[in-house]
2 protein chains.
Amino acid sequence: MPNLSDELLQQLKESLFSGALLPGAELQSQRRMSEGLAVSRSTVREAVGQLEAEGYVEIRQGGKTRVKNLLEPHFNLPLGEGKALGDNPEFQRQVLEVRAMLEGEAAYYASLRASDEQLAALDKEYRQMLQRGQRETTLAKAKEDLRFHMMIAESSHHLLIISFSQLFYTRFFNAIYGVLTRTLKTYGRYPEGIRAQHSAIHQAIMNRDAEAARRAASEHILYTRRHLEKEC
Amino acid sequence: MPNLSDELLQQLKESLFSGALLPGAELQSQRRMSEGLAVSRSTVREAVGQLEAEGYVEIRQGGKTRVKNLLEPHFNLPLGEGKALGDNPEFQRQVLEVRAMLEGEAAYYASLRASDEQLAALDKEYRQMLQRGQRETTLAKAKEDLRFHMMIAESSHHLLIISFSQLFYTRFFNAIYGVLTRTLKTYGRYPEGIRAQHSAIHQAIMNRDAEAARRAASEHILYTRRHLEKEC
DNA sequence: ACTGCAAACTGGTCTGACCAAGAAGTGAAA
DNA sequence: TTTCACTTCTTGGTCAGACCAGTTTGCAGT
């Protein structure tokens with residue numbers, strides 16, 4: 001896409017990444033830059049504005065634009081600045097609702113179609129989760145939870161469910177993680193029900209009781225959603 | 001930071017997150033927007049540019065700016081054009097199973113959250129389907145069916161369900177259509193149950209009976225799946 | 001050396017214009 | 001009637017020049 005402001009944006013980024021512009025350094029003013037590069041200030045504004053949106057520089061009206069610490073942008077925690085879709089409570093609720101649907105179906109078909117090897121692997125993973133217990137960070141817990149559910153999805157032997165689960169968990173991990181941190185902030189710890197719910201899902205799949213598995217997996221997610229609603 | 005373009009950016013995001021602007025919808029042109037909001041086009045450009053940078057909309061010079069589907073960029077299922085995955089009976093069965101899940105949930109949330117206008121539109125569409133009756137080609141029937149279910153999905157006010165439905169129905173239309181033709185070939189005509197099932201879905205949503213709607217929509221699809229299984 | 005204030009910056013917004021790419025309407029040719 | 005090329009309209013991209021509102025700078029007066 002040979003569009004001027006994008007070109008300039010790339011050019012500026014290279015200056016940043018190559019170290020020509022160190023953290024704390026000042027950028028040229030927009031006017032000077034537009035003269036030097038023979039483009040209009042609008043174009044410069046667009047590029048510098050993107051730079052700021054991506055967290056590389058700090059713009060202050062009246063003041064000069066400075067390069068931020070380069071590591072900062074990569075530490076943008078969930079619940080960070082500005083509005084992001086993943087931080088929107090309404091969207092987080094929708095993510096939970098879709099998880100309830102998706103994981104319910106995955107558990108259902110996993111109960112019906114999982115191979116014995118997959119069942120054994122699932123059992124092993126479950127016991128490890130029990131052992132690790134509370135000794136983990138919130139982030140590790142979130143990842144562990146997703147891995148467990150992803151194993152169930154794979155055991156469903158259902159191409160569409162597997163694909164969608166993969167897509168969903170990676171794309172919306174932030175929203176999922178955001179829910180977990182909010183829950184922990186409110187209750188101080190992992191809610192009591194979770195452990196029992198994981199157990200119920202595990203049991204139902206091991207017994208190849210598809211209906212029970214669907215109910216348990218779905219209930220597991222909706223339980224969290226109810227917690228979230230009370231909070232508001 | 002009460003700066004104009006940021007305010008507008010937040011405002012646009014609200015429209016996105018609230019579902020007022022659905023995936024695929026077109027934004028107003030920058031000129032019209034600047035007139036309507038009494039700000040300059042520069043300001044509008046800045047806001048819309050940020051929206052694009054964050055991946056929410058797609059801007060095309062000369063064309064219109066439209067809302068991106070949340071899932072589209074990551075929806076790379078192995079349907080490599082080639083040997084028509086859509087003709088594979090096993091895959092057709094999986095598509096039906098996912099439809100059962102998806103349309104069940106869509107009907108559920110539509111019952112809870114549809115606006116009165118949406119309910120009226122749905123009612124109108126349903127009555128038209130009744131009138132048109134058997135006077136249509138198989139292809140027209142399939143499209144009609146999908147339109148009906150897409151209206152239900154949109155009435156759910158559920159960004160994820162809407163996004164997924166859009167993608168699903170367009171990508172896998174072949175598989176869906178294939179199922180319909182196979183059914184017709186076997187039975188010579190539209191199975192009797194279908195009409196009653198559509199009626200049940202329609203009724204349940206009109207009564208805002210969410211559980212019944214989910215059951216009816218899900219059953220509607222699984223009914224077809226059972227037909228397909230007998231055949232093999 | 002210190003203080004105050006005005007001038008000279010900075011980025012934010014506005015206006016109105018022109019360009020280029022896509023969309024839409026039109027009319028002639030098949 | 002359908003199809004296809006051409007014209008026209010609309011859209012986003014860029015430009016120039018102006019004004020506003022904060023910030024910084026620098027000089028004059030103490």
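Hydrogens, waters and symmetry mates are skipped; everything else that's a heavy atom, side chains included, is used. Chain A is the first sequence line, chain B the second, and so forth, proteins listed ahead of strands; every chain is numbered from 1.
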Counting any heavy atom closer than 4.0 Å, what does Arg32(A) reach on the DNA or RNA strands: base, sugar-phosphate only, or nothing? sugar-phosphate
Would you call [X]-[Y] a salt bridge at under 4.0 Å N-O?
{"X": "Glu35(B)", "Y": "Arg31(B)", "value": "no"}
{"X": "Arg113(B)", "Y": "Glu97(A)", "value": "yes"}
{"X": "Arg208(B)", "Y": "Asp116(B)", "value": "yes"}
{"X": "Arg226(B)", "Y": "Glu219(B)", "value": "yes"}

side-chain N/O Arg60(B) vs dG13(D) OP1/OP2, d < 4.0 Å: no
Between Thr65(B) and dG12(D), does any side-chain N or O lie under 4.0 Å from OP1 or OP2? yes
Grab the CE-P distance between Met33(A) and dC9(C) for me, whole Å please. 17 Å
Measure from the side-chain heavy atoms of Gln61(B) and tell me the nearest of dT10(C), dA21(D), dA20(C). dA20(C)
Do any of residues 37-49 of chain A sit with a heavy atom less than 4.0 Å from DNA chain D, and if so which? Val39(A), Ser40(A), Arg41(A), Ser42(A), Thr43(A)
For Gly62(B) and for Gly62(A), locate the closest nucleotide of DNA chain D by heavy-atom distance; then report the residue assigned to the nucleotide nearer the 5' terminus. Gly62(B)
Comparing Arg31(A) with Lys64(A), nearest DNA chain D nucleotide closer to 5' gives the residue Arg31(A)
Rounded to the nearest 0.5 angstrom, the CZ-CZ distance for Phe172(A) and Arg99(A) is 13.0 Å
Supply the atom-to-atom distance Leu159(B) CG to Glu90(A) CD, rounded to the nearest 0.5 angstrom. 9.0 Å
